[in-house]
Amino acid sequence: GHGRDVLLRAHPLLRDGIIDGGIFGRSLLHAGAEARRWLRSGSKPLRVAPALFLDAARARRGMPGSDSRLHVDAGVGLRVALPGSGVVRIDYARGLRDGSSAVSIGWTR
């Protein structure tokens with residue numbers, strides 16, 4: 001997400017440009033999986049895909065008060081492929097450990 005390449009989508013790392021959250025440390029163990037299914041668009045230039053995902057991460061050697069437990073986030077999303085530009089993703093995630101939730105928007109080339 002914004003501020004790091006690793007996705008833990010129910011736990012944003014930055015709030016108002018400042019690191020604010022417990023899933024942060026000198027090392028980070030992480031894994032993720034995503035399934036998506038591109039729908040047939042016929043002659044339309046945009047392609048759309050619903051998605052399901054699971055993100056897991058554990059921070060180690062963090063700041064005092066940081067959370068070193070394993071966190072797993074699950075969610076659903078929508079992918080929109082823009083011709084010649086990349087893919088926009090819109091996700092809703094929920095933390096399975098702590099119930100935190102977030103909506104995120106990202107773009108990849």
Side-chain angles (χ1 to χ4, degrees):
H2 184 66
R4 65 178 164 200
D5 292 332
V6 174
L7 294 175
L8 193 57
R9 287 170 259 207
H11 294 86
L13 179 63
L14 301 176
R15 194 174 320 272
D16 295 327
I18 299 171
I19 294 174
D20 180 33
I23 319 305
F24 178 75
R26 290 184 184 264
S27 65
L28 185 67
L29 304 170
H30 62 91
E34 179 174 299
R36 64 182 156 242
R37 174 91 172 150
W38 291 101
L39 304 175
R40 294 180 187 252
S41 63
S43 62
K44 297 176 185 154
L46 295 179
R47 291 182 28 197
V48 176
L52 298 172
F53 60 85
L54 192 67
D55 303 327
R58 179 179 179 192
R60 303 173 109 204
R61 300 184 319 154
M63 298 183 295
S66 65
D67 192 342
S68 63
R69 299 175 299 170
L70 174 68
H71 285 269
V72 178
D73 295 350
V76 297
L78 183 68
R79 308 293 176 259
V80 179
L82 304 172
S85 297
V87 176
V88 175
R89 67 166 178 78
I90 303 167
D91 295 324
Y92 170 77
R94 185 151 180 92
L96 301 183
R97 172 182 292 284
D98 59 7
S100 63
S101 62
V103 173
S104 62
I105 298 173
W107 174 71
T108 57
R109 259 181 122 34

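Between Val87 and Trp38 the shortest heavy-atom distance is CG1-CH2, 4.2 Å. Here the closest heavy-atom approach between residue Ala57 and residue Leu28 is recorded as CB-CD1, 4.1 Å. The shortest non-hydrogen separation linking Leu46 to Ala81 is CD2-O, 3.6 Å. Here the shortest heavy-atom pairing between Gly84 and Arg109 reads O-NH1, 4.2 Å. Across Ser100 and Ala10, no two heavy atoms sit closer than the pair OG-O, 3.3 Å. When all heavy atoms are compared, the tightest approach of Gly77 to Phe53 is N-CE2, 4.4 Å.
No side-chain heavy atom of Ser104 sits under 4.5 Å from any side-chain heavy atom of Ile90.
How far CG of Leu8 is from NE2 of His30: 10.5 Å, rounded to the nearest 0.5 Å. Considering CZ of Arg89 and CG of Leu78, their distance stands at 12.0 Å, rounded to 0.5 Å. Atom-to-atom distance recorded for Leu96:CG and His71:NE2 is 11.0 Å, nearest 0.5 angstrom.
Counting only residues at least two apart or on different chains, the side chain to side chain donor-acceptor pair (under 3.5 Å) pairs with a member in residues 75-88 are Glu34-Arg79, Arg79-Asp91.
Judged purely by atom type and a 3.5 angstrom limit, Arg97 uses its side chain to pair as donor or acceptor with the backbone of Leu70. With hydrogens and angles disregarded, a donor-acceptor distance shorter than 3.5 Å links the side chain of Arg94 to the backbone of Gly99.
The pair Arg9-Asp73 does not meet the salt-bridge criterion, since no charged nitrogen lies less than 4.0 angstrom from a carboxylate oxygen.
Residues Leu52 and Leu54 do not share a hydrophobic cluster, clusters being chains of Ile/Leu/Val/Met/Phe/Trp/Tyr side chains in contact below 4.5 Å.
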